There are 4 protein chains.
Amino acid sequence: MSTPTSSRAERMRLQLREEIVQTAAEVFAERGYHRTGIADIAQRLGVGNSSIYAHFAGKRALFDVVIDDAMSGVMSLLTAENAPAAADTFEDYQEQVRRIASGFTVALRDDPAVLRLLRALLVEAGGVDEELAGKASAFTDAATQVTAAYLGHGRSRGYLRADLDVEATARVVNAMIFSVALEETRREATPEETQRIVDATLALYFGGVAA
Amino acid sequence: MSTPTSSRAERMRLQLREEIVQTAAEVFAERGYHRTGIADIAQRLGVGNSSIYAHFAGKRALFDVVIDDAMSGVMSLLTAENAPAAADTFEDYQEQVRRIASGFTVALRDDPAVLRLLRALLVEAGGVDEELAGKASAFTDAATQVTAAYLGHGRSRGYLRADLDVEATARVVNAMIFSVALEETRREATPEETQRIVDATLALYFGGVAA
Amino acid sequence: MSTPTSSRAERMRLQLREEIVQTAAEVFAERGYHRTGIADIAQRLGVGNSSIYAHFAGKRALFDVVIDDAMSGVMSLLTAENAPAAADTFEDYQEQVRRIASGFTVALRDDPAVLRLLRALLVEAGGVDEELAGKASAFTDAATQVTAAYLGHGRSRGYLRADLDVEATARVVNAMIFSVALEETRREATPEETQRIVDATLALYFGGVAA
Amino acid sequence: MSTPTSSRAERMRLQLREEIVQTAAEVFAERGYHRTGIADIAQRLGVGNSSIYAHFAGKRALFDVVIDDAMSGVMSLLTAENAPAAADTFEDYQEQVRRIASGFTVALRDDPAVLRLLRALLVEAGGVDEELAGKASAFTDAATQVTAAYLGHGRSRGYLRADLDVEATARVVNAMIFSVALEETRREATPEETQRIVDATLALYFGGVAA
DNA sequence: AATGAATGAGTTTTCATTCAT
DNA sequence: AATGAATGAAAACTCATTCAT
């Protein structure tokens, strides 16, 4: 259905755009926003500096796209294949959360850049732009909504504490998840270490520390 | 009778140094490392650019001092007035943790810059320097040790779960604490909102989410 | 058919690099290392400041290249077209030295900057860098070797004094040559004045002052 | 004869001024004009920065005084105890020149700073100021006059070559002397090495290189 | 359409000089 | 009279962005 004249060129163009985003994601994740230069990205991709400007208005705009991708990637992980309403017992819920956690773990093992990008967003946000800071807040809020939906469902079903402050707890839980994930990517933990952390997180989540 | 080295001039000098650190802490906390220029700090303090260089080798060195201050400030909060061995029952322990949490809350209300600086450290670390990244790791590890001591004591006393993975849980708990604190300073939460978050955190910590 | 690496752009690039070196040589020769700013060089060449940084790591690195050029230029003059072994009689030797001296005179008339740069090297060396001082020493030593080869040949052929301290005399002679050359470029002597100095130098060299 | 009220204070003041000049001479000689900071001089002398400004208008003015001292010191060596007219035979003249050379050698061994300062003058002159360059020229010319007087006397007495270009030769000889002296102080030659150079210089001077 | 060389605006840093104490 | 902390003007250098080819 696309016009024949632009079809091949257009495909090439979109492919390059995608490659730029991929490469930019890598470099931003490795070095952070400020230490990454446009030249670094172009060089790694093997294109000229200004080819990037043919697709993006500038460094900041490119970072925006990269961050949006990372955000939606993480959102997919949070929401994937498990509806909040799916669990009806605490056991089901535990199983559901474990599946999500496992999905996270696997996804981040395969593509740790997503997490580092999130770190770049959440951490450097204030050091780049007011606008970016706003985007970070929005993302946190959205994630809170998702988690709160799960918690609200569980509370109403009765398998979570009746006095649970759903919104506040959602916020805490997400903070915990992101922190742990960031920590683990930062210190380049082994899979075993990561598993211990994940287990400890889930144990804390489900039962607290009390004997 | 006063030693010549602590004369009026010397006192003035130290005072200016202290003012520079204070102001730098403010600006770094507000804008992050990269967006902060030496000129910003000097201007806010109302001194010339080069006065800062009379006290610090450069921007990076100044940031180091500011970060060290913030780190030891937070460490004091973590360790202050409550020995790990002080609690012998779960009730005592809850009380102890509440006191620490309350201390945190109050301290950060009075001096939110400390937290924002910690954010600057933990978040921008990788975007500044390998050395700074190392400092961030060291801090995280030290905080883990402190928390682990509390948890280990509680487990051996029997008021915390026998199967508690002390080291991993300590890491998670600290991540949770810092994340929440950072989040709260970022979104400039009201005291009430903050209190809700703190309560939710403690509830999660002590009893998990289970009914 | 031309290789992509030596394309038009590449040639332009190399040409600009060469122009930068030329211009830098001029300005360094005129004003010395410290009084010369990158901006002076850029301005005289009519390019932007940062264009220079696209070709050289910094002011010091540019000076290095300029000095190396000057050094090899002078070395060529010292060694050009006359092998140490070429002369077998005192008359031949005199003729040979006169040719070298004449080559020097002509070369320096056409490109006095080379000499001024050598002055910059020999004179400012200690005021810039330990490394540069080392380079100056190495150059002096190399020049001594060249001259000593001539003197040694003449002594063994018997047309120079049997008691000649070859190495020490070589050092003295070079010092004399460079000093005279530097003096002449400094005071912007007329060709006639220079010729008188060259003649006096050669007369002193060949026969001393004695009647 | 001085006024009693200012006598002691005045003496102190002059003494400090003298110490500043001495210390400045040391540091300028060691590091050259540009790498020497006012603070370096003040610190080595153990006085405050601004005490120097109580005696000299600035760094440049202080350097001027230091250089003038060095220049007159070298001039004394050139003219000391030996009148141009004193020698009547070549043997006398040789003896006279040897005495002067020996005086130079001893003086510079005891106070090598004078030579290094001269180097600073002759070498860095162009890199500091037009005025300083002029002073260097004037010094060279004055030294030429002194040497020319000796040579002229010798030629008229008949013990130096009748065709000697007195003025040009004087210039060459001085250049040789200064170069050798500078070289020797730069490479921190041993007394033996220096003696070899001095001998080679005198041999060249008196008899040239011819067999 | 792609290139990459050139740009210039912005930042850190130095140091001779001044000035309050 | 001496101090040394503070200054500000100047210089080197970086890098996102533009533009001629």
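Every value quoted in this text rests on a predicted model; they were computed, and no experiment measured them. Here is how names work: the chains are called A, B, and so on, in the same order as the sequence lines, proteins then strands, and each is numbered from 1.
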Shortest non-hydrogen pair, Leu117(D) vs Ala25(D), comes out as CD1-CB, 3.7 Å
Heavy-atom side-chain contact between Arg60(D) and Val128(D) under 4.5 Å:
yes
Between Gly32(C) and Thr36(C), the two heavy atoms sitting closest are O-OG1, 2.6 Å
Taken to the nearest whole Å, CD1/Ile41(B) to P/dT12(E) is 8 Å
Before giving the answer on side chain to side chain contact (heavy atoms under 4.5 Å, CB included), spell out for Ile38(C) and Tyr53(C) the whole-Å C-alpha distance, their side-chain angles and the decisive distance to 0.1 Å. CA-CA 9 Å; Ile38(C) 286 291; Tyr53(C) 288 91; 3.6 Å; yes
Between CZ of Phe56(D) and P of dA16(E) the distance, given in whole Å, is 16 Å
Minimal heavy-atom distance between Ala24(A) and Val66(A), with the atoms involved, is CB-CG2, 3.9 Å
State whether Tyr33(C) and Lys59(C) meet the cation-pi test: NZ (Lys) or CZ (Arg) under 6.0 Å from the six-membered ring centroid, and within 45° of the perpendicular axis.
-> yes
Output field dot_bracket for DNA chain E (Watson-Crick or G-U, both distances under 3.5 Å, | for other-strand pairs) contains .||||||||||||||||||||
Could you check whether any side-chain heavy atom of His55(B) comes within less than 4.5 Å of a side-chain heavy atom of Arg13(B), counting everything from C-beta outward? yes
Distance col, row Asp64(C):CG vs Met71(C):CE, nearest 0.5 angstrom, shows 9.5 Å
Note: contacts of residues 16-31 of chain C with DNA chain F (heavy atom, under 4.0 Å) are none
dist Thr23(A):OG1 -> Asp40(A):CG (nearest 0.5 Å) comes out at 12.0 Å
### Query
Can you find a pair of side-chain heavy atoms, one from Val21(B) and one from Phe56(B), that are under 4.5 Å apart?
yes
* Closer than 4.0 Å, any side-chain N/O of His55(C) to the OP1 or OP2 of dA6(E)? -> yes
Comparing nearest nucleotides in DNA chain E, the 5'-proximal residue of the pair Arg13(A), Ile52(C) is Arg13(A)
Going 5' to 3' through nucleotides 14-21 of chain F and flagging B where a protein heavy-atom sits under 4.0 Å of the base, S where only the sugar-phosphate is that close, and - otherwise, we get BBSBBB-S
Would Asp68(B) and Lys135(B) satisfy side chain to side chain contact (heavy atoms under 4.5 Å, CB included), going step by step from the backbone distance to the final call? CA-CA 9 Å; Asp68(B) 285 346; Lys135(B) 188 170 277 191; 3.1 Å; yes
Separation of dA1(F) atom C1' from Gln15(D) atom CD, nearest Å, is 15 Å
When rounded to whole Å, the CD to P distance for the pair Gln43(D) and dT3(F) reads 13 Å
